[in-house]
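The structure appears below as structure tokens.
Note on naming: letters A, B, ... go to the chains in the order of the sequence lines (proteins, then strands), and numbering restarts at 1 for each one. In this text, all values refer to a predicted model and were calculated from it rather than measured experimentally.
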Amino acid sequence: MLREKYKQEIEAILARYPVKRSAVLPLLYLVQREYGYCTEEGIREVAEITGVSPTEVREVVGFYTLFYDHPIGRHRIQICDDLPCALRGADDLVAHATRRLGIRPGETTPDGRFTLETVMCIGACHRAPAMQVDLEFVENVTPEVFDRVVEELSRDGA
Amino acid sequence: MGRYILLRHREIPDLHRLEVYVRHGGYEAWRKALTAMTPDQVIEEVKASGLRGRGGAGFPTGMKWSFVPKDVFPKYVVVNADESEPGTFKDREIMEGNPHQLIEGALLTAYAIQAERVYIYVRGEYRSVARRLEAAIAEAYAAGFIGRNVLGTSYSVEMFVHLGAGAYICGEETALLESLEGKIGHPRVRPPFPATYGLYGKPTVVNNVETLANVPPIILHGAAWYRTMGTEKSPGPKIFCLSGRVRRPGNYEAELGKITFRDLIFGEEYGQGLLEEGRTVKAILPAGASAPMLPASALDTPLDYESVQAAGSMLGSASIIVLDDTVDIVWAAYKMVRFFQHESCGKCTPCREGTYWLRRVYERIVAGRGRPKDPELLESIARQMAGKTLCPLGDFATSPVLSSLKHFRKEYEAYLRRAVETPAEVPA
Ligand SMILES: Cc1cc2nc3c(=O)[nH]c(=O)nc-3n(C[C@H](O)[C@H](O)[C@H](O)COP(=O)(O)O)c2cc1C
Ligand code: SF4
Ligand code: FES
């Protein structure tokens, strides 16, 4: 239960807003941190804490690309293939990533370690091609840089 | 004064630390406003400066603040740090390198309209940026620049960072407010405007990060000083985000109207020319994916709001994406249409359906299965969207389509000729 485990953090989030509903997005981030994705249980807890119906919380999960209603890999690799990055090799990088990981964008490796996604502009077009790994920027990504990142995250414990 | 007004961290190491910022004149404007200016005087100074919103629309900032009713409380300031336009990465650099200038600008805005709270809405993908911003806010609280009875005055103000969760539409100010209220990011019907009916239905000023970074220097040095930079109608400095097929992409700060596309792309202190030797500019996107592309004949257009508009496009957020002669224009238009189809919030039919059909037609053209009448079809879909949507995204989505057809129709025709001569194996 979130409310017991993260009591102080939840109180701090709620204190930032005059209306509880505003805590829906921050609490969903907490749910994903705890359960790995937005589980039914997590959604119901957010609904209870904020007084919003579970249906509406589910709708929020569905609307935003950074929320997931299904399990994903332990590490999320999001390669930008929007126009500015694509002008500097992003599509080749996506092809390389697909080969290296053996999965297509949108898929998760069978061992549950990586989820690969293509995403729209992430604000790093001046260091294209760019990607985010667990929401941290990795920029000027060459195939070598990509392989190194994957190797580092493939070690035991990562 | 140095070369930079906004990107000052480029000359001052560790400017993101409060102590360094204060040593270089930081929070002086805040002190000045709180101790020697009334809220109305702050608004008047910003009005007189001619500062225009840097988030895209170029609306006069001081005028926006003056629309806020004086007798309704509470009031809010919301900083738009959703920065998601393809090719835009300026607000990120301000928040990473010079966060206190944004914080100080937001505080001045709050004081001007007598708001009690500031929310900074940062796009979810900028989580690492938001953490740095939060660290700066914590420093400012600890130094007494934010909080109860700031600097011993009767004014109190709070500031919080709020993370979005991935949705371009939340950069549209009313969708942003909905999102901040914990809802899906559907734009609101306007009027009423946020100035009277904003966050939680209360008077709210929404401003872009870069806009607010201009406010401390305006208050500290005055409107007359500010107006010595830029042009009569577009005063002040601006950050130009340069990306695409250039040698040195990046953020470049320059006075509005004092440099041209050509200077920005080829200038020694700017882009230093195209990525590959011997290439030429084919087209320029002045404002990411959202404004019409311009052909190379527009290279000598000065970079200010009026001039770019006169050339047939918009300066918008000044996210200049350069396409050289290696770039397939139809493919580039497809990429932009794909973006808008992905980001359409789905609230109104012309945009939801229109972007879907545009994308379908582009997919078949670039796959070599286009039909001879596809250019007319694209134009007709775009016409059914323009002006018929709830928010400007629907119009934005038509601009790569119509502008590429206007300037580069031959490239579409070449695709369609090839499709007739050598039909792709895969059936449509
Ligand atoms: C689809 C759409 C996306 C937008 N995205 C942004 C954005 O990412 N950042 C921003 O500051 N303004 C964005 N805007 C403009 C805002 O609606 C609003 O005009 C702006 O935040 C006002 O601040 P300013 O006057 O300081 O520019 C967007 C507008 C639309 C229609
Ligand atoms: S124009 Fe598009 S993005 Fe804007 S409200 Fe309508 S569907 Fe949503
Ligand atoms: S297009 Fe990839 S970061 Fe902007």
What is the minimum heavy-atom distance between [X] and [Y], and which atoms define it?
X	Y	value
Thr88(B)	Cys125(A)	N-SG, 4.1 Å
Cys170(B)	Tyr64(A)	SG-CE2, 3.8 Å
Leu83(A)	Leu285(B)	CD2-CD1, 3.6 Å
Glu125(B)	Leu66(A)	N-CD1, 3.8 Å
Leu87(A)	Leu323(B)	CD1-CD2, 3.5 Å

Review point. Do His162(B) and Pro26(A) touch side chain to side chain, with heavy atoms closer than 4.5 Å?
Key: yes
Check your understanding: Quick one: does His342(B)'s side chain get under 4.5 Å of Thr65(A)'s, heavy atoms only?
Key -> yes
Check your understanding: Most heavy-atom pairs under 4.5 angstrom with chain B, which of Ala23(A), Ala86(A), Ala128(A)?
Key -> Ala86(A)
Study note, to complete from the structure: Most heavy-atom pairs under 4.5 Å with chain B, out of Lys20(A), Glu139(A), Glu56(A), belong to Glu139(A)
Given heavy-atom pairs under 4.5 angstrom as the criterion, report whether the side chain, backbone, both or neither of [X] touches chain A.
X	value
Glu85(B)	backbone
Ser179(B)	both
Arg338(B)	both
Lys183(B)	both
Phe339(B)	both
Ile321(B)	side chain
Leu199(B)	neither

Exercise for review: Describe, in one word, how the ring planes of Phe89(B) and His126(A) are oriented to each other, choosing from parallel (under 30°), tilted (30 to 60°) and perpendicular (over 60°).
Suggested key: parallel
Exercise for review: Ignoring hydrogens and angles, tell me if any N or O in the side chain of Arg16(A) forms a donor-acceptor pair with the backbone of Met159(B) under 3.5 Å.
Suggested key: no
Point to revise | Arg88(A) side-chain N/O to Gly244(B) backbone N/O, donor-acceptor pair under 3.5 Å | key: yes
**Study point:** Pair Ser22(A), Tyr119(B): side-chain N/O donor-acceptor within cut-off below 3.5 Å
**Key:** no
Check your understanding: Can Asp91(A) and Lys335(B) be counted as an ion pair, charged N to O under 4.0 angstrom?
Key -> yes
Review point. So, are Glu136(A) and Arg127(B) salt-bridged, with charged N and O less than 4.0 Å apart?
Key: yes
